[in-house]
Amino acid sequence: MNSIMTKPIQASGMVAHQGSGEIRLTNITKQFGNSYAVRDINLTIPHGSYCCLIGPSGCGKTTILRMIAGHETPTSGEIHIGGQMVVGKPPVERGTAMMFQNYALFPHLSILDNVAFYLKMRGVGKEERRRKAQEMLQRVQLDHLKDRMPAQLSGGQQQRVALARSLITNPKLLLLDEPLSALDEFLRLRMRGELKSLQNELGITFVHVTHTQPEAIALADMVVVMDTGRIDQADTANTIFNRPKTPYVARFMGGQNVLTGTVEENAAGVVKLRSAGGSVFEAKAEGAGRVPGAQMSISIRRDRIMLRRRGGGADTAGLNAIGGVVEATEYQGSYVKVTINVGGGVFVANVSDDAHFAEPVVMGDPVVVSWNAADVHVLSKVDTGAAGDPYLDGIP
């Protein structure tokens with residue numbers, strides 16, 4: 001698939017929105033009856049960035065998107081776009097465009113008329129709006145299908161029509177509500193690359209709601225991880241993945257095992273922990289409060305885990321290691337995901353395919369997982385979930 005945009009949007013003769021596409025949310029709360037969709041949200045999304053809002057269903061990410069677009073009104077708080085307060089303004093005055101999860105194409109209109117629709121709503125004459133829609137369809141390589149109806153297009157073609165329709169008004173920012181969820185895996189990966197290329201070319205702000213962790217990591221300059229109406233962490237994709245602040249972020253974004261223990265010793269910049277199961281871990285001391293007797297949680301990436309079969313007799317796990325039993329193995333192509341039961345909890349190791357097939361393990365095998373102290377990341381919050389289970393990874 002070639003790039004879906006071949007020249008700048010402004011070349012079509014459309015009037016571009018002036019000013020910044022920076023978004024600033026200040027103390028935003030949205031209440032439905034007695035429940036809160038989001039509560040006291042504070043967030044700044046820089047102009048020209050690709051921001052992904054990610055979290056489980058019901059966490060409030062789509063509500064935030066709809067409030068930015070003007071389709072929902074916050075119960076309290078302020079929304080600024082490009083430095084201007086937009087609460088109370090209709091969507092057409094915000095310089096935004098929104099692409100919906102199901103693309104929301106009009107089934108009774110041709111592809112050309114779908115793309116031209118927003119210009120029609122703004123009073124642009126028929127001849128001019130059709131000309132601009134034709135130019136936009138050329139840019140997404142669908143002008144040869146302009147007379148077809150949406151039902152006659154594939155999922156990927158429908159997505160490009162929805163993109164063309166959203167961008168024809170030259171918005172300051174584009175809002176995307178799970179735009180890839182209806183596509184098959186192969187097309188999803190292709191279109192993911194197209195979205196990133198498009199955003200780089202246009203230089204406008206993209207805010208993209210997703211529930212898929214690899215999608216957020218691949219696309220975003222800024223990842224915002226949400227949980228039950230609040231932001232748990234907002235940072236670069238690299239920081240979110242490698243240096244999560246909380247057990248929730250470490251678990252939800254995947255790739256991390258979370259462990260909790262009691263501080264036994266803090267000396268020479270190294271903290272020694274003992275888990276409820278008796279295992280001993282070491283980590284570099286980060287910040288205050290790492291005093292003996294305090295609880296502390298750490299995380300280790302799955303791909304940094306070493307795995308070996310457990311021998312008999314006096315074979316012990318040792319420092320920075322846990323013994324367990326293999327529950328499942330899943331071949332993922334370049335690696336094998338090995339799930340281990342460690343005293344009732346779950347620990348996951350992503351073992352390279354070469355290493356696994358050289359010494360394969362199967363369900364029921366006793367094993368030891370271990371890691372280097374340099375690969376341990378200290379979390380800013382103590383894990384209190386999973387009924388106190390100190391090992392539970394939280395990702396099936």
Side-chain angles (χ1 to χ4, degrees), residues 1-17 21 50 62 65-66 68-71 90-183 187-188 190-192 194-199 201-209:
M1 185 183 298
N2 298 322
S3 173
I4 62 175
M5 300 300 296
T6 59
K7 54 184 175 179
I9 295 291
Q10 201 167 348
S12 68
M14 292 174 286
V15 178
H17 281 284
Y50 200 125
T62 296
L65 202 72
R66 290 178 60 81
I68 294 171
H71 300 305
V92 71
E93 295 181 14
R94 298 185 180 213
T96 66
M98 188 163 180
M99 181 174 163
F100 296 94
Q101 182 175 357
N102 62 357
Y103 309 144
L105 300 179
F106 298 107
H108 61 288
L109 295 182
S110 69
I111 299 309
L112 184 68
D113 287 338
N114 262 281
V115 175
F117 179 78
Y118 289 154
L119 295 181
K120 180 180 180 180
M121 295 297 292
R122 297 184 181 198
V124 178
K126 182 176 182 180
E127 183 177 342
E128 183 181 0
R129 68 175 182 260
R130 285 197 158 212
R131 176 179 58 80
K132 291 178 177 179
Q134 175 78 22
E135 291 175 355
M136 185 61 70
L137 283 172
Q138 289 175 352
R139 290 177 174 81
V140 298
Q141 301 172 12
L142 289 177
D143 55 303
H144 61 294
L145 302 177
K146 65 180 181 178
D147 296 322
R148 289 195 182 182
M149 308 301 279
Q152 296 174 302
L153 302 185
S154 68
Q157 290 169 334
Q158 289 182 23
Q159 186 197 54
R160 282 187 276 163
V161 172
L163 275 171
R165 186 179 64 180
S166 297
L167 293 169
I168 199 168
T169 58
N170 269 346
K172 292 179 185 178
L173 57 99
L174 180 63
L175 307 171
L176 305 105
D177 186 10
E178 303 207 38
L180 307 180
S181 62
L183 304 180
L187 186 55
R188 184 183 299 120
R190 296 287 295 272
M191 294 307 298
R192 192 168 77 187
E194 295 293 351
L195 279 175
K196 186 63 175 177
S197 296
L198 174 64
Q199 192 270 335
E201 181 179 345
L202 296 179
I204 66 174
T205 308
F206 275 35
V207 184
H208 177 139
V209 162

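These values consider heavy atoms only, across backbone and side chains, with no hydrogens, waters or symmetry-generated copies. Note that the coordinates shown come from a computational prediction; the quantities given were computed from them, not determined experimentally.
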Practice task
Show your reasoning for whether salt bridge (Lys or Arg N to Asp or Glu O under 4.0 Å) applies to Arg131 and Glu135.
Solution key: CA-CA 6 Å; Arg131 176 179 58 80; Glu135 291 175 355; 3.4 Å; yes
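- Looking at heavy atoms from C-beta onward, Leu174 lies in side-chain contact with Leu163 at the 4.5 angstrom threshold.
- Thr205 and Gly21 make their closest contact through OG1-O, 3.0 Å (heavy atoms, listed as atom of the first residue, atom of the second, distance).
- Among pairs with a residue in residues 109-129, those fulfilling ring pair (Phe, Tyr, Trp, His ring centres under 6.0 Å) read Phe106-Phe117, at least two apart in sequence or across chains.
- In this structure, Ile68 and Met98 have side chains that are not in contact, with every pair of non-hydrogen atoms separated by 4.5 Å or more.
- At least one side-chain heavy atom of Pro171 sits under 4.5 Å from a side-chain heavy atom of Thr169.
- Nearest heavy-atom pair across Ile204 and Gln199 is O-NE2, 3.0 Å.
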Give every donor-acceptor pair under 3.5 Å between a side-chain atom in residues 144-152 and any protein atom, sequence neighbours left out.
| unit_1 | atom_1 | unit_2 | atom_2 | d |
| --- | --- | --- | --- | --- |
| Gln152 | OE1 | Met149 | N | 2.8 |

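- The structure places NE2 of His71 at 8.0 Å from CG of Leu175, a figure rounded to the nearest 0.5 Å.
- Here Arg192 contributes atom CZ and His208 contributes atom NE2; the two are 9.5 Å apart, rounded to the nearest 0.5 Å.
- Taking every heavy atom of both residues into account, Val124 and Arg129 meet most closely at O-NH1, 2.9 Å.
- No side-chain heavy atom of Ile111 sits under 4.5 Å from any side-chain heavy atom of Gln157.
- We find the CE-CD distance between Met136 and Gln138 to be 10.5 Å, quoted to the nearest 0.5 Å.
- Between the Glu93 side chain and the Pro90 main chain, no donor and acceptor come within less than 3.5 Å of each other.
- Side-chain contact check for Val115 versus Leu142: every heavy-atom pair is 4.5 Å or farther apart.
- Between Met99 and Pro179, the shortest heavy-atom contact is CE-CB, 4.0 Å.
- Every pair passing salt bridge (Lys or Arg N to Asp or Glu O under 4.0 Å) that includes a residue from residues 99-117 is listed here, sequence neighbours excluded: Asp113-Arg130.
- With contacts defined as side-chain heavy-atom distances shorter than 4.5 Å, the pair Leu105/Leu153 does not qualify.
- Across Asp143 and Gln134, no two heavy atoms sit closer than the pair CB-NE2, 3.7 Å.
- Leu176 CG to Gln159 CD: the interatomic distance, rounded to the nearest 0.5 Å, is 8.5 Å.
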